[in-house]
Amino acid sequence: MRRRSVLAGAVAAAGAVTLGLNPTANAQRPGASAAPELDLGDFPVVARVRARRALEHLKVLSDGIGQRIGGTESEHRARDYIADVLRKLRYHVELQPFSVPDKYLSTLTLPDGSTWNAAASRFGALNTSATGPLLDLDNGAALPADLTGQVVLLVNVPAGSTAVLDAVAKGAKAVLIGRVSTPPAGKTSAFSPALTANVAVPVLGIAQVHVERLRAAKPATITVATTHHPNLTSYNVLAERPGTFGGDDVVMVTAHYDSVPGSPGANDDGSGTVLALELARVLRHLPTHKALRFALWGSEEQGLLGSRYYVNQLADPDAARIAGVFQNDMVATSHGPATAYWLLSVDGGDNATTREVAAAAARLGYGSQVHGPVARGSSDHVPFHERKIAAANFSWRGEGGPHQLEPLYHTPEDTIELNVSPERLQVSLELIGAAAYRLACQRS
């Protein structure tokens, strides 16, 4: 009981100091549907987390670095930035390397000098470039007899079509393949096209916005380049501070920091990453029974590779020490209909993390916005669930269900300007911060 009373006193003191410094901390939260009834332990968290601070990190990751492709130099730049932030906060930081598959990427450069990132086909020419006039041939149903020297654009090519191979046979210098969807479907992303045969010219899979921009700009010429990235190593960034009173158990706050080709990944999942960095700042000195561990996963977009590697390396005693994993994926979209904050466990069941977030929502006045828990995988909580560790993913999505993602998901338009809400990021920070801290304060 001595330890519990000491911790309770320390938490109360921290809360009282915070309340004294910020007398508005108990006011109704921005965007909340009800007045708060905060515990003293909530004050040092919710009164100090700031979306604007998190957004400063997001500007570096999304606006500065841009796409962060697992195992490539772009992801490594993000790794170094994240690790540096956490080291400056005085966490013990570990970089955990693991091998990942080759990547096939591309760029498109217009006459005005603007460059876009996309993906490339491994069946086309790699580590090369081509420049030529752009010719839009729609779905390739009617190809001219001679395409010598042309960079051909094909859009919504039907399944089974030989248009790509035929265009190359007719002399095309490069082929751009795009897919365009119409509302209410989301916009399409860049992709690596599969071909039934190898060809000797670059073949790119471009995003819907690239198609739209090319058709609007009608550039006289375009330069495309492809790059094969072999023998890749991706990294998890792990940061930990011990429990104040030497407890053995651990509470984890996690997110993935990589993105898909062509996307600067502001919401997916730069938002979760900077949430973790901001909570690391706020929680670093607060008293807890359990250790706090922040994990930023590499190569989630290639199949949860980073989190799976981490979980697979855990010895059974270490896995048993993890009291809960709060995985944050897409926690700040500005998409209008994404008004529901979802608690997503793999089996739809309640666990330590979903219970704590739901309880925090009730205390903070966000109860009407929070839905679930419901069953949903597709993020880095899955490997933990498979190891029987309490874990869930937390995300803003549509009221109709967690499958209702924003239209800019996985696209070049997943930017801070077009797809991030500071207000929703603030709510996410408060909910996860209050929930993770409360769980960390519980004695095992």
Rounded to the nearest 0.5 Å, what's the gap from [atom1] on [X] to [atom2] on [Y]? Could you check?
X      : Y      : atom1 : atom2 : value
Leu296 : Arg79  : CG    : CZ    : 13.0 Å
Glu430 : Arg48  : CD    : CZ    : 13.0 Å
Glu406 : Thr333 : CD    : OG1   : 3.5 Å
Arg68  : Ser62  : CZ    : OG    : 6.0 Å
Asp268 : Leu405 : CG    : CG    : 8.5 Å
Ile177 : Ser121 : CD1   : OG    : 7.0 Å

Which heavy atom of [X] sits nearest to which heavy atom of [Y], and what is that distance?
X      : Y      : result
Val311 : Pro383 : CG1-O, 3.6 Å
Asp39  : Phe43  : O-CD1, 3.4 Å
Val346 : Ala375 : O-CB, 3.6 Å
Ser192 : Ala120 : OG-O, 3.0 Å
Leu58  : Ala266 : CD1-O, 3.6 Å
Gly298 : Asn236 : N-OD1, 3.1 Å

Pairwise side-chain contact, [X] with [Y], heavy-atom cut-off 4.5 Å (strictly under):
X      : Y      : answer
Asn419 : Tyr409 : no
Trp116 : Leu214 : yes
Asn156 : Arg179 : yes
Leu408 : Val209 : no
Leu61  : Tyr257 : no
Pro264 : Asp63  : no
Glu300 : Asp269 : no
Val427 : Trp396 : yes

Please determine whether side chain to side chain contact (heavy atoms under 4.5 Å, CB included) holds for the pair Leu153 and Leu134, giving the CA-CA distance in whole Å, both sets of side-chain angles, and the decisive distance to 0.1 Å. CA-CA 7 Å; Leu153 173 63; Leu134 182 67; 4.2 Å; yes
Checking side-chain polar atoms at under 3.5 Å, does [X] have a donor or acceptor matched by the opposite partner on [Y]?
X      : Y      : answer
Thr411 : Gln208 : no
Asp414 : Asn267 : no
Thr415 : Glu417 : no

Evaluate the ring planes of His371 and Trp342, with Trp represented by its six-membered ring, and classify them as parallel (under 30°), tilted (30 to 60°) or perpendicular (over 60°). tilted
Show your working on side chain to side chain contact (heavy atoms under 4.5 Å, CB included) between Tyr309 and Tyr235 and close with a plain yes or no. CA-CA 10 Å; Tyr309 182 84; Tyr235 292 82; over 6 Å; no
For the side chain of [X] and the backbone of [Y], is there at least one donor-acceptor N/O pair under 3.5 Å apart?
X      : Y      : value
Tyr91  : Arg293 : no
Thr226 : Ala125 : yes
Asp258 : Ile69  : no
Thr131 : Thr223 : no
Ser271 : Val331 : yes
Ser345 : Ala392 : no
Ser421 : Arg424 : yes
Arg284 : Arg281 : yes
Ser33  : Gly365 : yes
Gln426 : Val49  : yes

Which residue pairs satisfy the ring pair (Phe, Tyr, Trp, His ring centres under 6.0 Å) criterion with at least one member in residues 51-71, sequence neighbours excluded? His57-Tyr81
When you look at Ser444 and Asp249, which way does the side-chain hydrogen bond (donor to acceptor under 3.5 Å, both in side chains) test go after all the steps? CA-CA 7 Å; Ser444 302; Asp249 286 353; 2.5 Å; yes
Can we call the ring centroids of Tyr366 and Tyr341 under 6.0 Å apart? no
Check this for me: Arg122, atom CZ, are more than 12 non-hydrogen atoms of other residues, nucleotides or ligands nearer than 6.0 Å? no
Can you tell me if CZ on Arg215 sees more than 12 non-hydrogen neighbours from other groups inside 6.0 Å? yes
Let's go through Lys103 and Leu232 carefully: what are the C-alpha distance in whole Å and the side-chain angles of both, what is the deciding distance for side chain to side chain contact (heavy atoms under 4.5 Å, CB included) to 0.1 Å, and is it a yes or a no? CA-CA 8 Å; Lys103 301 297 185 298; Leu232 297 178; 3.5 Å; yes
Side chains of residues 321-330: which donor-acceptor pairs under 3.5 Å do they make with residues two or more places apart or in other chains?
unit_1: Arg321; atom_1: NE; unit_2: Asp248; atom_2: O; d: 2.5
unit_1: Arg321; atom_1: NH2; unit_2: Asp248; atom_2: O; d: 2.7
unit_1: Gln327; atom_1: OE1; unit_2: Thr254; atom_2: OG1; d: 2.5
unit_1: Gln327; atom_1: OE1; unit_2: Trp297; atom_2: NE1; d: 3.3
unit_1: Gln327; atom_1: NE2; unit_2: Ser379; atom_2: OG; d: 3.4
unit_1: Asn328; atom_1: ND2; unit_2: Thr254; atom_2: O; d: 3.1
unit_1: Asn328; atom_1: ND2; unit_2: Phe326; atom_2: O; d: 3.0
unit_1: Asp329; atom_1: OD1; unit_2: His256; atom_2: NE2; d: 3.4
unit_1: Asp329; atom_1: OD2; unit_2: Ser379; atom_2: OG; d: 2.8

Regarding Glu56 and Lys59, does a basic nitrogen lie under 4.0 Å from an acidic carboxylate oxygen? yes
Please list all pairs passing the salt bridge (Lys or Arg N to Asp or Glu O under 4.0 Å) test where one or both residues lie in residues 374-399, with sequence neighbours left out. Arg308-Glu386, Asp316-Arg387
Steps toward side-chain hydrogen bond (donor to acceptor under 3.5 Å, both in side chains) verdict (His410, Glu301): CA-CA 10 Å; His410 275 186; Glu301 299 291 3; 3.1 Å; yes
With side chain to side chain contact (heavy atoms under 4.5 Å, CB included) as the test, would you mind laying out the steps for Asp42 and Val45 before giving the verdict? CA-CA 5 Å; Asp42 294 325; Val45 178; 6.0 Å; no
